[in-house]
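In what follows, a single structure is set out as structure tokens and then discussed.
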Amino acid sequence: MSQLNLTVNGTAHTLNVPESRTLAEVLRYDLGFTGTKIGCEEAECGICTVHVDGVPVDSCIYPAFKADGKKISTIEGLATHDAEGEEHLHPLQQEFINHCAVQCGFCTPGLIMTSAALLNENSNPSEQDIKIALKDTYCRCTGYTSVMQAIKSAGGILRGDGPLPVNEPAVDEPTANISRSLKVPDIVDRVTGRAKFSDDYTFPDMLFARTLRSAYPHAVVLHIDTSRAQALPGVRAVLTAEDIPGENIHGLVHLDWPVMVGVGQKARYMGDAIAIVAADSQDIADAALGLIDVEYEVLGVVDNPIFAHSPEAPILHEGREDGNLLKHIKVRHGDIEQGFAEADVIIERTYHTPTTEHAFLEPECAIGVPAGFNAEHSKLTVYVGSQIPYQDRNQIARAMNLPDEAVRVRGVLIGGGFGGKEDIAGQIHVSLLAQATQQPVKMLYTRQESLLFHPKRHATVIRIKTGAKKDGTLTAVEAELYGDGGAYASLSDKVMTRATTHATGPYNVPNAKIDCFAMYTNNPPSGAFRGFGVTQSAFAVEQNMDLVAEALGMDPVQLRLINAQKVGVTTATGQLLRESVGLIDTIDKVTVDMRGGLNGSFRWGWQEGDKAYGWGIASAYKNTGLGGGAPDKSEAEVEAFEDGTVAVRTSSADMGQGLVAVLAQCAAEELGVPYERIRVLLSDTDLTPDGGPTTASRQTYMSGNAVRHAAANLREALTSVVSEEYDKPPAQLRFEEGLVRVNGTSIQFGEAVHLAKEQGIATRIRHEYWGPKTQPLGTGGDMHFAFSYATQAALVSVDLNTGAVHVEKVISATDIGRAINPLLLQGQIEGGIVMAMGNCLTESYIIENGVPWSTLLARYKMPSIKHTPEIISHLVEDRSADGPYGAKGVGEIPSINTSPAIANAIYHAVGVRVFSIPVDQDALLRAMRTGSTEVHTAWHDVR
Amino acid sequence: MPLWHHYHIPTTVEEALAHLARYDGKARIIAGGTDLLIDLQHTEKGAHTLDALVDVTRIQAMTEISASEGWIYVGAAVTHTAVVDSALIELQATCLVESCGVVGGPQVRNVGTLGGNVAHALPAGDGTTSLIALDAEAHVAWADGRREWLPIGCLFKGPGESAIDSTRDVLVGFRFRPCAQREATAFKRIMRPQGVALPILGCAVWLKLDDRSDHCADVRICIGPVGSIPARASEAENALRGQVMDDETIQAVADIACQTLHPRTSKYRATADYRVYMIETLLKQALPLAARRAQTGIAQAEGVGLG
């Protein structure tokens, strides 16, 4: 301990803290400025940015004592307060809100502080200036387009020129609350640093936990000795599999994942937990891990799905009839031989897509509070940012040997998810440790642990054969996919099913035979990741489409238009499309923009100076909802109060996509209550009914419908009360502007609630919404209740001297049925596109013989603001009959076809087609120089 | 585990050396810490706790940029941002601004130092590549009390291995000759968008034209990584000296560089073949740029912040 003097946001502090602290730790944990977030501890992500004497620095790797005597500014100090104590947001904070440059909000403090330093130097920055200043400050949600607008707009205010207009997408029919860009209710908290994520919570006597993970990707645990760790002062508990009171297993679809690997059991990947520790401090918990002795018998490693399928591969999960085959998924449609016999052109190629990592900026964190800890925690309570709170509860209860109702999961703000926060992370471990110690226990994963542990996007090998007639009509598709499921099933079964069923692309394909083999390997598990398998198959399908077009001498747009799904088409899974198929509109909108009115002179590719340019196009579709016969329901509750406010409750998760706003809009629309009077509570298994998993682009549709119906039922109940009281026919009552109007007179909405309560009529209505019934794959009929559609065109440049690929522009059109909140929706589209650019150009999670190489964020580059292209996004609102106000899913569809659009564009630019991603500029340039037209290797193959 | 226990902020080099001596190998110099902390936290070589860090960023001699007696002096604890912001260096050692300007992002450049870049001893550290082309000397305060100026190249023993033991010695600063009339420098590098932020190839050139202004009187070229330590491309330099600076010569020099330098394939960074292509690409960018600067006397750094 030594004395540290810091002035933080104008206030001097003298602290006695260990000299080993970083500035971020002092700010967050000693001074409580939790607006400063820690994302990587590698100076990679920039979200911990604060100013030291006015200069932006990464506080996560800045020793606190280096700042001794200096002035620190954090996000909490950016807004000003007037004499009455009223808060006045900094123009950056205001414009981040106005331009919808905030989604999950976890990176927002870093983005704003980095931007503030820029604007302090230059209030009129160019786009280039912004890209230079924010180059190393990541955002995984927004795609940065809105961020750039917000910064420019704030600069305008600071200069006195005023803000920039908000780039609102055009929508068809806005109503009072629907198709309006209303602000997320707690948005101010996300720009001021007040928003609390898991690691921002503390409890009295809270302990800190760590997990010891397997030293090998495949090994039997022979012996575990925790005695040295137990003896370390400050260690409160060291637990192993033996200490689990219930079942030592979890899993979302298949129960195959041990909570901890016990003696005699097998570790199947490097992320497997062997032991867990709770201690008085994080440092002690870290030290204790080094004192746990484990003996292993090392086994052979299964490092890829094709080897996994071979007879010589070691078996991961003994006792399974199918060995390492997790699932063989089949699509059979029409007569494949007949289809290829009719074809004039047949194209067959093999594509490789990599394992990729969600890299949500908030690493996983869970806090367990033991039952009976205090009045607020009468039962075991777990605080966590999770996409599936009720399934968390069920999985915790199973391991704890408790009834579900004895466990409470309280969702907190989620710093990004993208599918990566569906599986159990530390939820069960903190429950075990809280119960063992009878103290609250926090388990915060480091970025490096997060990279190692959580399920990824499946690396997939796709061989696809496409047949077409001379006139462009597709006759058949045959495909074989191998998906790397990793060590545990997670959602592999569902993800790879989606990859399989969508492997015809969004086209009318009369004959199809598609086989997918989802395999167990000793790699980190694969699971849900935005796009859910369709991202992978689309990469193959859409390039094969361009190859077919080329072989036929046909324009790639024309080929897609000829075959595009429309109402009346039957999909390869036997589903007759009856409504809401906006694909052709998306193709038309994108094509018009891409050709720029130059139908005659438009070129797909050209050269200028040292660069080659090319356009590429790709289409996609993606189901909304679970589908495949899975019962799909969401429950929500709507309660009206006499003060005129309304509460909406459901366990569905908001991970930044803006579900809170969408649900409040649905309730406001049905009840005619101003949006600001709706309070939404999410993700609390004691207080909110089960909205189901936040996955499969389903929550706008499912929970939106649940809220809409609950609110409509509440309105009907109030209608009957008011119509009786005032003796007016129900049809004459109108709920609007917070009033119930009857022919020129009106009463306050709250008064209507008061009347209902007096009469004992329920003012709290719960609705269980069941999505339209779907059929399992292979049985024909409707496998899904809705599909969203998208077309994107990418303009890329390829540097002829280096092979470097840059995406200059992306034009997208997305059919989402109805845009409930257009700006939030646009944020999903822009963010999805940039994330998908990462999939194509920068990202690959590398594993070498079961051992991850991508152990640091520094080894896993995702798109930064410097990669952000100009993005033009159009909405197509082809209403879905059963969706709320016509809406379908949007979360995933923008992130599916960007990769093949870029690959097609590269081909048009330089005449080389890339079959494996992320694109390796090294291999691309070598192909260009040697006259080769195909590249079958990716970055991770450079060795 | 704490990565270090004590944190000292000396104000003189002597004081820093005394701290290091007292901890006898269990303390290390920290400047910006942007590389060091990551090493300590995330790599095996850092997997033991240090007794202390000795912060050299408040030692005046190590944080100043100055010009005197025909030298430009840059303290080892000068940040990349301070180098980039120095009008003196931009005009008279442009390549150093260009190389410091592409290190990391602004947050890292604001804290990370030129000395740290050199002490890290990577064969293609951006700042290092330019210092070699500038024929810089390093001022080292050795643990045994000796103070000496050494050619910068002497500091490198192998990849990541420096002659300076940062648990005992202090790298104090650098000096190099400012560009005179008809002299200029340039730095260019090639990155890939994936993986670690190390250049596929970096290239710095120092060029002196003769009084005809279109012939090369002298040249220094550093391209890396080629070997395990940064080095000059002497065959290419020899091919250029005395020649007219036209496209034909530059192509010939690039060809010789491609034939005589033997870069390796490094995992997840680049193939040897690609690096050879990049030798040509970089020389064809850097040499004409340096020549233009030498001819016009106008030197505006390119690409700052675009790393």
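Bear in mind that the values here come from a model prediction, so they are computed numbers and not experimental data.
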Criterion side-chain hydrogen bond (donor to acceptor under 3.5 Å, both in side chains) on B:Q194 and A:T842, from CA distance to verdict: CA-CA 5 Å; B:Q194 308 98 355; A:T842 71; over 6 Å; no
Could you check whether any side-chain N or O of [X] sits under 3.5 Å from a backbone N or O of [Y], counting only pairs where one atom can act as donor and the other as acceptor?
X      : Y     : value
B:N110 : A:P56 : yes
A:S20  : B:L3  : no
A:K66  : B:A31 : yes

So which of [options] has the biggest tally of heavy-atom pairs under 4.5 Å with chain B?
options                        : value
A:H867, A:Q282, A:K70          : A:K70
A:L925, A:D922, A:V942, A:D136 : A:D922
A:L856, A:D286, A:N801         : A:N801
A:Y860, A:W939, A:W853         : A:W939

Derivation and outcome, side-chain hydrogen bond (donor to acceptor under 3.5 Å, both in side chains), residues B:Q41 and A:T446: CA-CA 11 Å; B:Q41 201 152 358; A:T446 63; over 6 Å; no
Less than 4.0 Å between a side-chain N and a carboxylate O, is that true for B:D273 and A:R926?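 Between B:D273 and A:R926 there is no salt bridge, as every charged N stays at least 4.0 Å from the carboxylate O atoms.
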Do any of residues 37-47 of chain A come closer than 4.5 Å to chain B, heavy atom to heavy atom, and if so which ones, in number order?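 Only A:C40, A:E41, A:E42, A:A43, A:G46 of residues 37-47 of chain A have a heavy atom under 4.5 Å from chain B.
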Do A:R859 and B:Y268 have side-chain heavy atoms sitting under 4.5 Å apart?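 No, side chains not in contact.
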Most contacts with chain A, counted as non-hydrogen pairs under 4.5 angstrom, among B:A197, B:G307, B:A52, B:S266: B:G307
Between A:V805 and chain B, which part of the residue has a heavy atom less than 4.5 Å away: side chain, backbone, both or neither?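 Neither part, no heavy atoms under 4.5 Å.
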Would you please classify the geometry between the B:Y7 ring and the A:F65 ring as parallel, tilted or perpendicular, with 30° and 60° separating the classes? tilted
Looking only at heavy atoms, what is the nearest atom pair of A:E19 and B:H5, with distance?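 Scanning both residues completely, I find the closest heavy atoms to be CB-O, 3.3 Å.
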Could A:R929 and B:Y277 be counted as a cation-pi pair, given that NZ or CZ must be under 6.0 Å from the ring centre and within 45° of the axis? yes
